[in-house]
Each structure stands twice: as structure tokens, then as C-alpha cells.
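Bear in mind that the values here come from a model prediction, so they are computed numbers and not experimental data. Values reported hereafter were calculated over all heavy atoms of this structure, with side chains retained and with hydrogens, waters and symmetry mates removed. Throughout, protein chains are lettered first and strands after them, A, B, ... in sequence-line order, and every chain is numbered starting at 1.
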Amino acid sequence: MNWAAIRAIYVFEMARFFRTIAQSLISPVLSTSLYFVVFGAAIGSRIDQVEGVSYGAFIVPGLIMLTVMTQGISNASFGIYFPKFIGTIYELLSAPVSFLEIVMGYVGAAATKAMFIGIVILTTSFFFVDIEIQNPAAMIAFLLLTCISFALFGFIIGIWAGNFEQLQLVPLLVVTPLVFLGGSFYSISMLPPVWQTISMFNPVVYLISGFRWAFFGVEDVPILTSLAAIALFTSLCLGTVWWIFKTGWRIRQ
Amino acid sequence: MAAILSIQNLRKSYAGGFEALKGVNLDIEEGEIIALLGPNGAGKTTLISTVCGITMPTSGSVTVAGYDILDNYRQARSQIGLVPQEIALEPFEKVINTVRFSRGLFGKSRKDSAVEDILKRLSLWDKRDNQIRELSGGMKRRVLIAKALAHEPRVLFLDEPTAGVDVELRKDMWEIVEQLRADGVTTILTTHYIEEAEAIADRVGVINKGDILLVEDKDTLMARMGRKQLDVQLTTQLDAVPDALSLYDLRLADDGWTLSYSYDVNAERTGITKLLNDVQEVGLQLRDVVTRQSSLEDIFVSLVNEPEEVA
């Protein structure tokens, strides 16, 4: 294992994050605060409780997930797309590194950034609502797994994308709707039965449900199903990444 | 000396059916500087990309220091440094960090003294904390070289290192290559510029249409293929070559002030002595006699245009 290479990629990617630390942090913190003001205070004050949790607190796990997923995807997809775009990918391809090492470097850095932002948002939410996290270890584990799996997903998008438009396409057209319809701001049980069934095909439902369970002990789907879903999603991403490097798809002719 | 880079029957075809390399064979000895000359699209960059792992070979084998580039890619690639043709650098990163990154990527532990040494040799030390986008084109090329040398490779590929570079920087590049040779680094460079090959290479390979037409010691090549020209400058102006000298296939040059004679340096009889005697017999007075060796460029042009004559 070329640990020096993993470290080099990781440090290089994190340096990009710290170069733009202000915008990396201000933007998610600002948008999260807006969500709290609009949904938590303005609308939330008219909603009593959802499954025994005040609405303001209920949306916290969903908000964190929303940001962590989009950040994980955008960081990892940009991280690997940018070298392709400016041509520095030559160095990665000519270096004595395996696909696993490249993935560990890029996905590790993207997941770290997403995790960091997730924690910042959680901290921000303490200023707006009272939250008691019932199962902190599970909460961290769920957060970490989500960061990693969505960074993997972003990595795949970054390899696939042929231009900046395509880079934005999947997050915009697929991920955002899935996240919004995944129960970020409501409980699935509040939906009509048909939509409840449809929601079961949305992988994000399982992640948010599991994450919310770690906070409040309430869940839309059983926690083990959530775990299985995230494991499946991560494995699918890993398999795709492995196939990409095996075949050189879109990177090595 | 053992070959540090051995290329055997290397072929590369693309999906469209285009064959960029048609069975290239090439052995490169440790410590030498070899220049690969060829027109655009000859396969120079494809050859380098394939050896370095950027493109996959269709068939054939390549070993670097005895390591196969596919079976032992880690060991093989660790030996190689690559300076690409295009300037490709992360614009917002600092010079020193991008060199550190390269060193780490190739599996070497962080060693600031080594990075400092490389940056100083390439006159980049003063710019180490600058962002790359602040540098001039020439400086960016130096950064590319610094990155390629960061892991102390034994083999360095320079893909058209001086394309679009001013004369001064070109001279600097040649000096850098000379220094590297002193350290025992083997250098393979591709170039359009014949003078570059002439100035720094030990051996010259001519590549065209995916085939290596010839690889030869530069001096031998020039001696073997070189023709010389003898210019006999006269004190009187001539209208035509005198009949008595028609035997020699002379050309009148310089508005009739010079007789030009082309001959093969390797021929048993060059005919110079007899020509000069005959010139005197015709009654012409000599002002000066000049000989000129044909350049690598002439050789190159004749090879690329008439490859069948070489085979």
C-alpha cells in the first residue's frame, strides 16, 4: 500500500478546502440558518410535534443529511473532475498508485470535508433548537457512512462527467429531489399510503430515517433496514469505482 | 551497459482502428540522453504515454529497470519521471506544495531538503510560496520538471520540453538535462527541433507513423548519412560552369562567384583533389574554399520522406 500517495492526495485536497474555507463554511451555515428560520420558526411554530419531537428539532437530522450528501458529492466529483479538466490527471495515472489508493485519497478528503460541515451544521442548530442526541455513537457512525458513500458516489460522477454541466446535472436533477422527498422535513408516515410505498424506493429515506433514529429514537423504517440500505449503496458505489479503474473507463485509454 | 528501458514490439491501436504505434522496439541504456525526432502525429507522445501508464498498450512489452510496466507497475513507475507536453498544473496551489504532492504521490516520504534542492536547481526556490497561476509560462515548465524530479527518478521523459519556449529558457533546459546526466539520470526527450537533438542527445531516434525508422549514435548518424558541400569561391564571376568541369556536377552559386560541389564524406574518393586541380587548370583563381556538413535536419527530412531507403 502506497500510504505516502494516499496522504499526498488527501493533504492536497484538504488544502483546496482550506483555501476556500470561508465559502465552504459560510454557505452551508447560512442556508441551514435560513431553513431553521423558515421551517423551524415561521412554519414550525404552527406544527405541534412530529412523532413526539418538536418540529424544529425534527428537521435537524434531515438538514444535516441534506447538506452532507450534497457536499460529499460536490467535493468528490469536483476533486477528481478538476484534474481531468486541467490535465493534471496525467500525474495520477503515471504514479505508482492503485485505484484503491486514489479512491482513499480523494474520497477520504471529500468525506472529511462533508463530515466537518455536517458537524458545523449540528453545532449551528444548537443555537436554534433544543436537541438531545439519544445515541451519539450511532449518530456519528451514520454520519460517517453517509459522508463516505456519497463521496464515493460523487467520485463516480466526477469520472463520468465530460463537462461542468454534467458535473452539476446529477446532484441537481437526481440527488436534490431524492433528498427533499426522502423525509428531510417530514415523517414518511405523514404521507398518503401510495406515496409511502413510492418513498420506499428512495434510498435516501433509509439514511435519514436511520440518522433520525440515532437522534430521537424514532424511525420511519427499522434501523437494521436502514443499515442494510446504506451498506448496499456503499457496496454499489465501491463496485462501480472498482469497475471504472479495472476498465479505465473515461480515464485511461 | 544494461538497458534501463526496454520496449519490445509495442503496439497501440485506438478504438477507431487507428494504429498509433506499430510494433516499436527500442532499448535505452542507463545514463544516456536520447532524442526522439518526428513530425506531428508520429506517435512520440503515444509512446511516452504508454510507457508511463497513461495509455494501455495493445500488445508488446515494456520494462523499466527490469520491471514490467503492467505486472510490476509500482516498481516500474517509481523509476520514471514525466514532463508532459502541455502545461497542466493546479493554478491555485503553491509551487512547493505541488512538488511535495508529486513526491508523495510516487511513494516517497516527505523530505524538505530534497524538495529544496530540486527547486533551487530549477531556479524556483524564490518562487516557492507563489501560486502557480502567478508564474510565467517558462516558470510553469520548470515547475513541471521539478514535479517530475521530485521522487528522484532514474528515467526522465521530456515530451517536447522546449516547444514554444524562448531561446534563453531552451538553453537552460539543455543545461538542466546535462546536470541530470551527471547524476546518472537517463533522459528521453521528444522534439521537433533538430538543433535540440543535435545539441544535447547522445543518440537520435527517428519516429514516423508509429514506427521507429532508425536509432543511432548522433555522431555516427551524421557521419554515415552526412553529405558535405565544398564551396569554391572565385576571384572572377562566371556565367556558366566551364565545360572542362562538366564532369563534376557542379552548381554555380552566389551569382557566379562560387562553385558548389556536393560529395559523400564516407566515399573512398571524394574527388576533391582532382576537382581543385582541374579548377586551377581551367585558369580560375581561388579566393577561398569552404566545406559544410549537412545538418541532422537534412538527414531527418530525407528519412521521413523516403523511409524505404533506410530499411
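Both the backbone and the side chain of B:E90 come within less than 4.5 Å of a heavy atom of chain A. Looking at B:Q79, neither its backbone nor its side chain comes within 4.5 Å of chain A, counting heavy atoms on both sides. Looking at A:V97, the atoms closer than 4.5 Å to chain B (heavy atoms on both sides) sit in the backbone and in the side chain alike. For A:L92, the parts sitting under 4.5 Å from any heavy atom of chain B are the backbone and the side chain alike. Using a 4.5 Å cut-off between heavy atoms, B:Q75 makes no contact with chain A at all.
A cation-pi arrangement is found for B:K12 relative to B:Y14, the charged atom lying closer than 6.0 Å to the ring centre and inside a 45° cone about the ring normal.
Note: B:L105 leads B:L105, B:T98, B:I87 in heavy-atom pairs under 4.5 Å with chain A. Interface check for chain B: of the options A:S98, A:A5, A:A8, A:A95, the most heavy-atom pairs under 4.5 Å are formed by A:A95. Contact count against chain A (heavy-atom pairs under 4.5 Å) is highest for B:K147 among B:K147, B:R110, B:R100, B:E86. Most heavy-atom pairs under 4.5 Å with chain B: of the set A:G87, A:A15, A:S94, A:P83, this distinction falls to A:S94. Interface remark: of the candidates B:S78, B:P84, B:S49, B:P84 forms the most heavy-atom pairs closer than 4.5 Å to chain A. Of the residues considered (B:S109, B:C52, B:P91, B:A15), B:C52 shows the highest number of contacts with chain A, using heavy-atom pairs under 4.5 Å.
With no hydrogens or angles considered, no side-chain donor-acceptor pair links B:E32 and B:T186 at under 3.5 Å. In the model, B:T190 has a side-chain atom that pairs as donor or acceptor with a side-chain atom of B:D159 under 3.5 Å. Donor-acceptor pairing under 3.5 Å is recorded for the side chains of B:T50 and B:T55. Counted by atom type alone, B:W174 and B:E196 present one or more donor-acceptor pairs between their side chains at under 3.5 Å.
Under the 4.0 Å criterion applied to side-chain N and carboxylate O atoms, B:R181 and B:E178 are assigned as salt-bridge partners. Taking a cutoff of 4.0 Å between a charged side-chain nitrogen and a carboxylate oxygen, A:R16 and B:E93 do not qualify as a salt bridge. Here B:R203 does not pair with B:E29 in a salt bridge; the nearest charged N to carboxylate O distance is not below 4.0 Å.
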